[in-house]
Each structure stands twice: as C-alpha cells, then as structure tokens.
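Worksheet: the structure to be examined is printed underneath.
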Number of protein chains: 2
Amino acid sequence: MKYQEAKDEFISTWGSLGTLWGINKAMAQIQALLFISTKPLTTEEIMQELQISRGNTSMNVRQLIDWGIVKKELKVGERKEYFSTEKDVQELARIIAKERSRREIKPVIKTLREISSIKSDGTEKTKELIHQTKALYDLAQTVDSLLDKAIHHKQNWVNSTLLKLVK
Amino acid sequence: MKYQEAKDEFISTWGSLGTLWGINKAMAQIQALLFISTKPLTTEEIMQELQISRGNTSMNVRQLIDWGIVKKELKVGERKEYFSTEKDVQELARIIAKERSRREIKPVIKTLREISSIKSDGTEKTKELIHQTKALYDLAQTVDSLLDKAIHHKQNWVNSTLLKLVK
DNA sequence: TTAAACTTTCAATAATTTTTGAAAATTATA
DNA sequence: TATAATTTTCAAAAATTATTGAAAGTTTAA
C-alpha cells in the first residue's frame with residue numbers, strides 16, 4: 001500500500017467509525033487529516049484535501065475546537081488561521097471521554113436518579129421501573145466513575161490503569 | 001413524578017441516548033420498553049405503547065434479536081410471538097460490548113494494523129502516518145482487550161473488575 | 001386443503017441530518 | 001478610514017436515515 005492510499009484509507013475509516021458512533025463524518029475526517037499531518041493546516045488546505053465546502057469546514061473545525069480536540073495557531077505575518085489536533089492518543093482519548101461523559105452520560109445519570117427515586121405506589125410495574133432504572137443508574141455510575149478517574153489521571157492512564165486489567 | 005410520566009421519560013431518554021451513540025431511536029425505545037416491562041410483550045403491544053408501525057416494530061425487534069439483546073417467547077396455545085429483553089444490566093452491557101467490539105472495533109483495528117505496517121518510503125509524512133496509526137492501533141488493542149476480558153467474565157464483571165479501579 | 005392469524009418485506013414517503021455557497025461579519029493592514 | 005483577506009452564518013438543497021403500510025410470505029389449526 002502506497003502513502004496516498006493508506007492516508008485515504010485512514011481518513012475514510014475514521015469517518016465511518018465516527019458515523020457509527022454518532023459523530024459527523026466531516027468532523028471525524030478533519031480530525032483524522034490533522035492527526036496524520038506533519039504540520040498545522042489552513043481552512044483552504046482542509047477543504048482541498050477532503051473536498052468539502054468552506055462552510056462545512058468552518059463549522060466542524062469550530063466544533064472540534066469546542067471539544068478541545070483541535071487548537072488554532074496563528075503564524076506571525078500571516079492572516080489566516082492554522083489548525084492542529086492533539087497528537088497524543090491517550091490525551092485524545094481522555095478529552096473525548098471527558099466530553100462524552102459531560103455531555104451525554106452525566107445528564108442520563110441525573111435522569112436515571114430522578115426516575116429511580118420516584119415514590120413507589122406498590123404496584124408491580126412501578127416496582128419494576130424503579131428496580132430496573134436503579135440498576136442502570138448503578139452501572140452508569142460505576143462506568144462514569146472509571147471515566148472520571150481516567151480523565152483526571154493526566155499522564156499515561158491507559159498503561160497505568162487499563163493495562164493492568166488486561167494483562 | 002407519577003408512574004406514566006417516569007416511564008415515558010425513561011423511554012424517551014433511552015431513545016435519545018441511543019441516537020447520540022448511533023443507535024436507531026425506535027430500536028432503543030423498544031429495548032427500554034421491554035426492560036421495564038413486567039412481562040413479555042407482543043408486536044401489537046409494542047406498536048401501541050410506542051406509537052410506531054408494524055413494519056418498524058418488526059424490523060427493530062429483529063435487529064435486537066440479532067444483537068442477542070431480545071429473545072422471542074412462545075406461549076402454548078397462542079399464535080403470536082412475545083418478546084422480552086435481557087433484564088440483567090451487566091449481562092446487557094456485556095452483550096453490547098461484545099457486539100460493538102465485533103462489528104465496529106475489531107474491523108477498525110484490522111485496518112489500523114494494515115495502514116501502520118505499510119513500508120516506509122523515508123518521507124516525513126509517511127513516517128508520521130505510520131507512527132500515528134500505530135499509536136492508535138496500540139490504544140485500540142488495549143481497550144478492546146479490556147472489553148474482551150469483560151466479555152468473557154460472565155458473572156458480575158463490573159463489580160469484580162471495574163469497581164476495584166474506581167475505588 | 002383452506003383460511004385465518006400473524007410476520008416480514010420493501011417501495012414510497014417522511015423526517016432528520018449534513019452540506020453547500022453566497023452574503024454578512026470580522027479582522028488586520030495599507 | 002477604506003479595503004482586502006479571512007471567517008462565520010444560515011437558508012436552501014442534497015444526502016442519508018427512519019418510518020410507514022400494504023402486499024407477500026409463513027405458520028398453524030380446522
């Protein structure tokens with residue numbers, strides 16, 4: 001496999017994986033492109049490489065910046081913005097875990113707590129609702145605590161924490 | 001909060017969470033409905049409760065069965081099929097982890113292995129592509145091994161494995 | 001067999017999400 | 001301040017995904 005082919009394959013695979021996990025394809029592909037780039041890229045270069053429009057590029061780069069995955073860089077004497085992504089995979093995983101926990105998991109945990117703590121009226125169906133949502137709540141709490149632990153474990157959490165579980 | 005309100009909230013929340021993670025809303029809602037039901041339900045009952053069509057119900061129940069999350073039950077003397085979901089949250093998590101690993105993570109790992117093992121042509125950009133995809137490959141392997149471990153750890157893997165990390 | 005009960009399929013339609021591109025806004029320089 | 005470079009916004013269009021419902025298929029029982 002030649003460079004260009006491998007690069008295209010990587011960007012395409014990353015885009016598909018993103019889609020499968022509820023992430024916009026263009027957003028995932030921009031991140032993939034920056035991830036393997038040897039230097040920061042401009043909007044123009046991203047558009048060119050991925051064959052997407054200016055508006056699309058602008059919006060998705062902005063979202064990546066909101067997520068804390070991409071940083072804007074300015075070069076002296078130049079007007080345009082350069083973008084680069086976090087290059088360290090573990091830090092990247094940490095950021096994504098943090099954001100998905102904050103945006104998606106924690107709100108669900110809050111809802112599960114509310115539902116599982118409604119007052120029982122003694123009927124079977126209410127008991128079952130409370131019991132099942134409580135069980136989900138407990139599991140979600142455990143998983144989210146693990147994520148929190150990883151999130152705050154700045155350096156090398158995969159090796160220090162996960163690897164010992166796997167081995 | 002009264003029963004009906006809590007139930008609707010749970011089904012709706014589960015549907016939204018599914019959507020966020022790339023799972024069809026109807027599929028997530030059917031699973032949610034079965035998860036808090038005190039008894040197996042028929043297609044008719046699911047349609048009625050969720051206000052969705054027969055075709056939609058049929059297709060999504062079938063998918064849940066493919067995933068191993070829902071089971072079909074037959075009652076003696078009755079023609080129609082009854083559906084129930086796995087009620088144990090940890091077993092449910094195990095099944096979902098197993099399926100997502102098999103369908104989505106393992107294929108990506110294979111691609112990352114292929115890309116990261118292309119022959120270097122000595123250029124910086126090729127070196128960077130190889131280096132970065134190798135790093136992703138290593139991380140994905142670690143995470144997938146953890147999932148595999150959890151997957152094969154039938155009983156109570158959350159408490160026996162994850163909890164000790166969290167505490 | 002036949003027919004009734006039930007399930008599946010799938011083309012058409014609807015809903016949602018993504019993308020475009022040009023106008024408006026912003027920013028830096030002359 | 002004017003203007004050129006660049007980015008952002010957002011309504012419209014395109015693409016994708018989900019849903020419907022009726023016809024076809026299957027299964028069971030009389």
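All figures in this text were calculated on a predicted structure; none of them were measured in a lab. The sequence lines fix the lettering, A, B, ..., with proteins before strands; numbering per chain opens at 1.
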DNA chain C contacts made by residues 31-65 of chain B, counting heavy atoms under 4.0 Å = B:T43, B:R54, B:G55, B:S58, B:M59, B:R62

Inter-end axis angle, the helix from C:dT1-D:dA30 to C:dA30-D:dT1, with every axis fitted to five base pairs (rounded, 10 degrees) | 10°

Mind listing the closest non-hydrogen atom pair of B:A26 and B:N60 along with its distance?
-> CB-OD1, 3.8 Å

Return the value, rounded to whole Å, for the distance between atom CZ of B:F83 and atom C1' of C:dC6.
-> 10 Å

B:Q29 CD - D:dT19 C1' separation (whole Å) | 13 Å

Between A:K80 (NZ) and D:dT8 (P), how many Å, whole number?
-> 15 Å

Confirm from the modelled atom types if A:R79 and D:dA4 form a donor-acceptor pair under 3.5 Å, side chain to base only.
-> yes

B:K25 atom NZ is separated from D:dT16 atom C1', nearest whole Å, by 16 Å

Just wondering, do A:F83 and A:L64 contact through their side chains at under 4.5 Å, heavy atoms?
-> no

Would you check if the side chain of B:S145 reaches a backbone N or O of B:Q141 as a donor-acceptor pair within less than 3.5 Å?
-> yes

Which atoms form the tightest heavy-atom contact between A:W67 and A:I96, and what is the distance?
-> CZ3-O, 4.2 Å

Salt-bridge criterion met for A:K2 and A:E5 (N-O under 4.0 Å) = no

For A:L74 and D:dA5, what is the distance between atoms CG and P respectively, to the nearest whole Å?
-> 18 Å

Is the side chain of B:E9 donor-acceptor paired with the backbone N or O of A:I115 at a distance under 3.5 Å, no angle test?
-> no

Between C:dT7 (C1') and B:I30 (CD1): distance, integer Å = 14 Å

Specify the separation, in whole Å, of atom CD of A:E81 and atom P of C:dT26.
-> 14 Å

Taking the side chain as every heavy atom from C-beta outward, state whether B:K7 and B:E49 have any atom pair closer than 4.5 Å.
-> yes

Whole angstrom value for the distance that separates C1' of C:dT17 from CD1 of B:I23 = 18 Å

Listed once per pair and sorted, the ring pair (Phe, Tyr, Trp, His ring centres under 6.0 Å) pairs that draw on residues 20-63 of chain B, sequence neighbours left out = A:W21-B:W21

Is there a donor-acceptor contact under 3.5 Å from the side chain of B:S101 to the main chain of B:D144?
-> no

